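Just follow the structure's listing: the first ligand is 1, and inside any ligand the first atom is 1. All values derive from a computational prediction rather than experimental measurement.
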Amino acid sequence: MSSRSVSAVVPASSQLEGAGMVVHRTFPGARLDMVDPFLLLDELGPADFGPGEAPGFPDHPHRGFETVTYMLDGVMEHRDSAGHRGVVGPGDVQWMTAGSGLVHSEMPDSRGGPLHGFQLWVNLPAADKMSDPRYQELSAAEIPEWSGDGARVNVLAGAVGDVAGRIETHLPITYLHVRLDPGAAFTQPVPAALNAFVYLSDGSVSVGGEDVAAKATLLLDGDGDEVAISAGGDGADLLLLAGQPLREPVARYGPFVMNTKAELAEAVDDYQAGRMGVI
Ligand code: FE
């Protein structure tokens, strides 16, 4: 096995999304458009809100991809136009395949409190973009955990050793939440054919001889078949993501991600005509 090196480090910028939620984002942005098949990664917060203060993401549509919400602290209440309701609490994941489209809202607890989580957008192959919407929801207790020397890993998708995640994905996808004690190391096999990156939420790491401090995305070269991460003196809290690239044309407009401009125009028409539903 040989370790992948870091091809680019993209520092996160903070910005306001939805109704004013503070998010840390490394892509899409000026420095990095996407990491095929991943279209977006936002770290929500961490923030602390008083009652009624927490802004959320009121009614909006999606078509053509998947949104993955993983909360670490606080809750996100979810409703959609098909009548689906759910609460994503600390440690829970909601893997939503928007497919042909729906309208949903994602709102924090109106009573306030801490809020910290991640939202990842995963593209769908052209053949699956108009599939029926689907939810896969796992509570914290249902997410398999792997632990090693100074390392704890929540396996959302993919596998670490013989610990396999339970989410069914359209493409080979690995989504790991890795927490490392100071100085601890973690190595994960990632085939060279998969695109991969590390999002460092907290602490510092050394990967392929590159030292990086939070918050940043470390793009990994396809020059090896494993990712070796060592934590700095304060430990590290990070996401490791890998996925098989689609290598298909991407046409995106806000909450719609299709393959052509004509399909985007159709998505806007369908949404405006209420064909994606209304909450
Ligand atoms: Fe959404």
Q: Check step by step if side chain to side chain contact (heavy atoms under 4.5 Å, CB included) holds for M258 and E266.
A: CA-CA 10 Å; M258 304 301 291; E266 192 184 335; over 6 Å; no
Q: Show the numbers, then the answer: is there a salt bridge (charged side-chain N to carboxylate O under 4.0 Å, His left out) between R166 and E142?
A: CA-CA 8 Å; R166 296 187 190 169; E142 293 170 322; 5.0 Å; no
**Q.** SB check D221 R4 (cutoff 4.0 Å)
**A.** no
Q | Metal environment of the Fe ion (ligand 1), protein N/O/S under 2.8 Å | A | H60 NE2, H62 NE2, H104 NE2, E106 OE1
Q.
Please identify which of these residues, F197, F38, Y199, W121, meets the ring pair (Phe, Tyr, Trp, His ring centres under 6.0 Å) condition with F27.
A. F197
(Q) What verdict does the salt bridge (charged side-chain N to carboxylate O under 4.0 Å, His left out) test give for K129 and E263, after you've listed the backbone C-alpha separation in whole Å, the side-chain angles of each residue and the deciding distance to 0.1 Å? (A) CA-CA 10 Å; K129 282 187 176 289; E263 289 166 349; over 6 Å; no
Q.
Is it the case that the side chain of R252 and the backbone of L39 share a donor-acceptor pair, with hydrogens and angles ignored and the cut-off at 3.5 Å?
A. yes
